[in-house]
Amino acid sequence: MRSSLLSASLWGSGFGSLSLLCSSPALPSWPWPSLTSISLIMWNALYTAEKVIIRWTLLTEACYFGVQFLVVTATLAETGLMSLGILLLLASRLLFVVISIYYYYQVGRKPKKV
């Protein structure tokens, strides 16, 4: 039940009383187009050497994981369900945000003159 509720709130699929939770305008109902867009942006960023494109890609990734972190946190606040798996999910989302932002600032730094 717990994993299906979290899955339903993240991916917008549910049945019965869960459909009311998932029909909220704050929750994404179709994440596949956004996931596909973000994955294409990141895939194309692998083949570039321009710092601006790499920085925008890292910022996109940080925003995506930040929104996912907020959605999971809001769902947990509404339902009150807590488990080790959900806490690990939240920790991983937050870690991805921190790493992306760190690399975003590192790519933007000017090289030190020797």
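Bear in mind that the values here come from a model prediction, so they are computed numbers and not experimental data. If you read the sequence from its start, that first residue is 1, and numbering goes on from there. All values below come from the heavy atoms of this structure, side chains included, with hydrogens, waters and symmetry mates left out.
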As an exercise, state the distance from [atom1] of [X] to [atom2] of [Y], rounded to the nearest 0.5 Å.
| X | Y | atom1 | atom2 | value |
| --- | --- | --- | --- | --- |
| Leu58 | Ile99 | CG | CD1 | 11.0 Å |
| Leu95 | Phe65 | CG | CZ | 10.0 Å |
| Ile101 | Leu59 | CD1 | CG | 8.0 Å |
| Glu50 | Ile54 | CD | CD1 | 8.5 Å |
| Leu70 | Leu90 | CG | CG | 10.0 Å |
| Leu94 | Thr73 | CG | OG1 | 8.5 Å |

N/O donor-acceptor pair under 3.5 Å between Ser100 side chain and Val97 backbone
no

When hydrophobic residues are tied together by side-chain contacts of less than 4.5 Å, even through go-betweens, does [X] share a cluster with [Y]?
| X | Y | value |
| --- | --- | --- |
| Leu84 | Val72 | no |
| Tyr105 | Tyr64 | yes |
| Val67 | Val98 | no |

Within 6.0 angstrom of Gln106 CD, more than 12 heavy atoms from elsewhere
yes

How about CZ on Phe69, more than 12 heavy atoms from neighbouring residues, nucleotides or ligands closer than 6.0 Å, or not?
yes

Correct closest heavy-atom pair for Lys51 and Val107 would be CD-O, 3.3 Å

For the student: nearest non-hydrogen atoms of Arg93 and Gln68, plus distance
NE-CB, 3.7 Å

Find out whether the Lys NZ or Arg CZ of Arg55 is both under 6.0 angstrom from the six-membered ring centre of Tyr104 and within 45° of the ring's axis.
yes

